[in-house]
Amino acid sequence: SEPVSCTGGRADMSLDGLRRTFREHVFYTQGRFPSVATRNDLYMAFAYTVRDQLLHRWIKTVEQMAGKDLKIVSYLSAEFLLGPHLENNLINLGIYDDVLGIAKEEGFDIQVIFDQEEEPGLGNGGLGRLAACYLDSLASLEVPAIGYGIRYEFGIFDQEIRDGWQVERTDQWLRLGNPWELARPEITCRVSFGGRTEPYQDDRGRYRVRWIPHRTVKGVAYDTPILGYRVNTCNLLRLWKAEAIESFEFEAFNVGDYYGAVDEKIYSENITKVLYPNDEPVQGKQLRLEQQYFFVSCSLQDMLRIYKLGGGKLDRFSRHFAIQLNDTHPALGVAELMRLLVDEEGMDWEPAWDVTCKTFGYTNHTLLPEALEKWPVELFAGLFPRHMEIIYEINRRFLDEVRRRWPGDEARVARMSLIDESGGRFVRMAHLACVGSHAINGVAELHSRLLKEDVLRDFHEMTPEKFSNKTNGVTPRRFLVLANPGLTRLIEGKIGDTWIRRPEELRKLEPCADDPAFREEWRRVKLENKKNLARVIRERTGIEVDPASMFDIQVKRLHEYKRQHLNVLHIIALYDRIKRNPSYDLCPRTFIFGGKAAPGYFMAKLIIKLINSVGDTVNRDPDVNGRLKVVFFPDLNVKNAKFIYPAADLSEQISTAGKEASGTGNMKFSMNGALTIGTLDGANVEIREEVGAENFFLFGLTAEEVYSLKRDGYRPMEYFQANPELQRVVERIASGYFSNGDRELFKPLVDALMFHDTFMLFADFGSYADVQGRVDEAYRDREHWTRMSILNSARMGKFSSDRAIREYCEDIWKVKPVPILLE
Ligand code: GPQ
């Protein structure tokens, strides 16, 4: 067919063209005269101007892919934590400065316009943000890809801090409209729940099963274009919204049941109402399971529809789609693809199973046993009677295989079964994902090794060839170019800008570490970034912080294994030293925390309260005299994070070894020139390898030591009794020193540490405090510190998500780039 012509007009990316399109959008899209246009009108008009450019490239992408014998990556994720689009798209299009100019001409501040954008907070933390970085890299590497997920009406809650406690407010990201998405009311799927199954014979006399569901909802596609960096590839993020199917309304109306019809509508729309705000899963919530199945079923139906458009035969499906499961949240896809192929498409079991296994890959993101998803069989079978049968059949065949390989080893059979029967009956989603995938990976070297040795040991023994490691990465576009324009300019002045696509080239900066003038510049940029953060902190918390002090930052979800409270114990130790010796020589430090706690996670919320209480006491104690400040930065999200990473001197990555699968914040900090204080956990291990042990502050037990200590019986009290400083620290908390004498407030926290200390803070406290002492000394030698800082940035190339995506493409997905031409 004729190529679609969309040159000229709104596709015109000249300065004049952009200005004209912008004015048109103010007028025709927002319906405003410039003189009465609101801030939001201007934002919307800019966003539509940029979206026009994206759509131009999107059409070219679709057009040039159609009819080609290519393979598409399909990234299935319950979360995509995208962050604001406008600035990012300007950078990827290469028109940032042009638009800055237009804004100036038209007489307004572009920062105010950027600030107007509500970010789509469709994720909790690391896992959702990783999915967003991977979409950016897929498009930037010109790989055809679709991200599939859920269009939550309410994303992650907004966090406020009141009286030191976290208060949750609903996220209303769609309130003023979302210019980045296109509703596709004509792209819909039906998704069913409940009911029963029934055997029958098909016209060829074959035994078949049909599912007679109890209720059915409709999924409607909402598409967001994802443009790569300085390329024409514009991929698709397709998010599904649940609606009532029309027939329900008609039926109910016919019998005069108006309220019934409205109920059904509410019931259906509930499915995509709200994101579950837990970063590691809550077990057993029916609506959550419905969400998972809803988006997985819509996405698979959509892929089959697209595939059939190309006229392909179903047994070759895996040559054209590579589906990646972002953790087990979409693992039901294994059973659903089997159902679609066998029940709906009439394939036999064996070829359908072959297609399924060749299509799916599974990424695991956690070692915490309590975070491995499992669903009560009763709940599961009630919602998905047919999938339950399919899972039993998968399991029967799989366990036969296990028994053939290990005759008589019934303990192994019980361990590997897709059904956990060790007390109640549960469907093990990780096992379903492993059995139904041809590739299984962890997200950092250490994590992948521990998966093989521990969590998925039996699966590794059976099919070692399925396992690999894919160390996480982050996009240097958002986390360096967008977040840190000062540093980007400084780096560009030295080595050009090719590192933005090939961050390994940042190594060319290494010699600059020896150049005093460059170090001076490097410090100047850092200081500017710290002033900027100090301003935002003042605006949001009223606290004054000194940009000349060391900015020591820990931002991430609140979780006991991440040990924000270990950081607090150290702060209290410093405070205690000052109180005992008012002239104690301490390099002035500002401790900054940020992150959300799951609303039902009491201990995490209590840690937020503790941080704020310690801050209240320390910040106003005249004895401290500027040496210590403690800040809790409220409402950490992608938008706010951009002020934080570039301003850090020290990055806190202090999880109990063996608990953090990878971490990605660690990478964002180090890229921006922060030094890390960290344990040998997750990707910290590889960061330290890359930047050099001499440029990294290491402390704490290793994963092996944590395991053996646990095995031999860990007694926190022994560490407590051996360390007088630790005793004084705990005593200050327990005595009510930070809580106006209230000894009850922090008792749950103190007791958990004294009697259990599951995450071994006491075991690591001594080593942590010692190494913090070395940090203090190192910061006094500012020239040497700057050297280390430059070397951190220069050596972080490995942790670009481009590198990670290249590895997925080559080892797992077997997909190749498809360059897109504009004309
Ligand atoms: N992660 Cl299982 C989440 O953010 N949510 C989850 O439900 C699970 C994992 C994180 C993990 O804790 C980090 O260590 C990783 O860096 C991140 O996923 C991305 O892999």
Side-chain angles (χ1 to χ4, degrees), residues 75-79 126-127 130-131 276 278-285 288-289 291-293 296 323-338 356-357 359-377 379-380 384 387-388 390-392 394-395 397-399 401-402 412-444 446-470 658-662 812:
Y75 200 83
L76 254 56
S77 180
E79 304 188 4
L127 173 130
L130 186 77
Y276 277 91
N278 304 74
D279 55 341
E280 319 280 347
V282 257
Q283 307 285 349
K285 287 272 182 287
R288 167 78 177 180
L289 185 56
Q291 288 184 337
Q292 295 183 351
Y293 178 64
V296 162
I323 307 180
Q324 195 64 23
L325 301 172
N326 198 21
D327 214 87
T328 54
H329 317 144
L332 247 169
V334 170
E336 173 67 355
L337 184 56
M338 283 302 286
T356 299
C357 295
T359 303
F360 283 105
Y362 159 51
T363 306
N364 172 293
H365 294 266
T366 185
L367 291 162
L368 301 180
E370 69 273 22
L372 293 176
E373 268 191 303
K374 52 180 195 173
W375 294 100
V377 164
L379 172 66
F380 196 100
F384 312 117
H387 299 78
M388 196 67 248
I390 290 172
I391 287 172
Y392 282 141
I394 295 172
N395 201 32
R397 290 168 183 251
F398 170 65
L399 294 181
E401 183 68 30
V402 175
R412 181 185 299 265
V413 169
R415 286 199 308 271
M416 295 186 80
S417 173
L418 304 192
I419 310 297
D420 178 352
E421 310 197 57
S422 64
R425 298 184 74 229
F426 297 91
V427 184
R428 292 162 160 160
M429 301 309 274
H431 293 205
L432 177 62
C434 284
V435 174
S437 300
H438 67 285
I440 303 165
N441 74 282
V443 291
L446 174 68
H447 170 234
S448 294
R449 177 164 72 74
L450 296 175
L451 277 184
K452 293 191 229 172
E453 288 173 1
D454 189 24
V455 184
L456 299 178
R457 183 191 180 126
D458 293 316
F459 290 89
H460 179 251
E461 260 180 53
M462 186 163 169
T463 50
E465 69 284 355
K466 283 190 185 181
F467 284 74
S468 75
N469 173 56
K470 298 286 169 281
K659 300 291 178 197
E660 188 71 274
S662 164
I812 299 181

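Expressed to the nearest 0.5 Å, how far CE of M416 lies from CG of N395 amounts to 10.5 Å. Note that CE of M388 is 4.0 Å distant from CD1 of I419, once rounded to the nearest 0.5 Å. Between the CZ atom of F384 and the CD atom of Q292 there is a distance of 8.5 Å, given to the nearest 0.5 Å. In this structure, CD1 in I440 is found 10.0 Å from NE2 in H438, a value given to the nearest 0.5 Å. A distance of 11.0 Å separates CD of E660 from CG of L446, quoted to the nearest 0.5 Å. Remark: T363 OG1 to D327 CG distance equals 8.5 Å, nearest 0.5 Å.
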Inset, instruction - Before giving the answer on side-chain contact (heavy atoms from CB on, under 4.5 Å), spell out for L337 and V296 the whole-Å C-alpha distance, their side-chain angles and the decisive distance to 0.1 Å. - result: CA-CA 9 Å; L337 184 56; V296 162; over 6 Å; no
Inset, instruction - Could you give me the CA-CA distance, side-chain angles and deciding distance for L372 and T366, then say whether side-chain contact (heavy atoms from CB on, under 4.5 Å) is met? - result: CA-CA 8 Å; L372 293 176; T366 185; 4.3 Å; yes
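For the pair L332/L289, a side-chain contact is recorded, criterion being any heavy-atom separation below 4.5 Å from C-beta on. No side-chain heavy atom of Y362 sits under 4.5 Å from any side-chain heavy atom of K466. The closest side-chain heavy-atom distance from F398 to M462 is below 4.5 Å. At a threshold of 4.5 Å between non-hydrogen side-chain atoms, the residues H329 and R288 count as touching. In this structure, the side chains of L368 and K659 come closer than 4.5 Å at one or more pairs of heavy atoms. Contact annotation: the side chain of V435 never approaches that of V334 to less than 4.5 Å [non-hydrogen atoms, C-beta and beyond]. Counting only heavy atoms from C-beta outward, the side chains of S448 and N441 never approach each other to under 4.5 Å.
Every residue meeting the side-chain hydrogen bond (donor to acceptor under 3.5 Å, both in side chains) condition with E421, not counting sequence neighbours, appears here in chain and number order: R425. Looking at residues two or more places apart in sequence or on another chain, you find a side-chain hydrogen bond (donor to acceptor under 3.5 Å, both in side chains) between R412 and D409, E461. Partners of H431 under the side-chain contact (heavy atoms from CB on, under 4.5 Å) rule, at least two apart in sequence or in another chain, are L418, R428, F459.
Annotation for L127 and N326: closest pair O-ND2, 3.6 Å, computed over non-hydrogen atoms. Closest heavy-atom contact between L325 and A331: CD1-CA, 4.1 Å. Residue G436 comes nearest to F360 through the heavy atom pair O-CB, 3.5 Å, listed as atom of the first residue, atom of the second, then distance. Annotation for I391 and A335: closest pair CG1-CB, 4.0 Å, computed over non-hydrogen atoms. Across G658 and L367, no two heavy atoms sit closer than the pair O-CD1, 3.3 Å. Closest of all the heavy-atom pairs between I812 and Q324 is CG2-OE1, 3.9 Å.
Looking at H387 and E336, their side chains do bring a donor and an acceptor atom within 3.5 Å of each other. In the model, N469 has no side-chain atom that pairs as donor or acceptor with a side-chain atom of H447 under 3.5 Å.
Atom CZ of R457 is surrounded by 12 or fewer heavy atoms from other residues, nucleotides or ligands within 6.0 Å.
A distance-only check finds no donor-acceptor pair linking the side chain of T463 to the backbone of E465 [under 3.5 Å].
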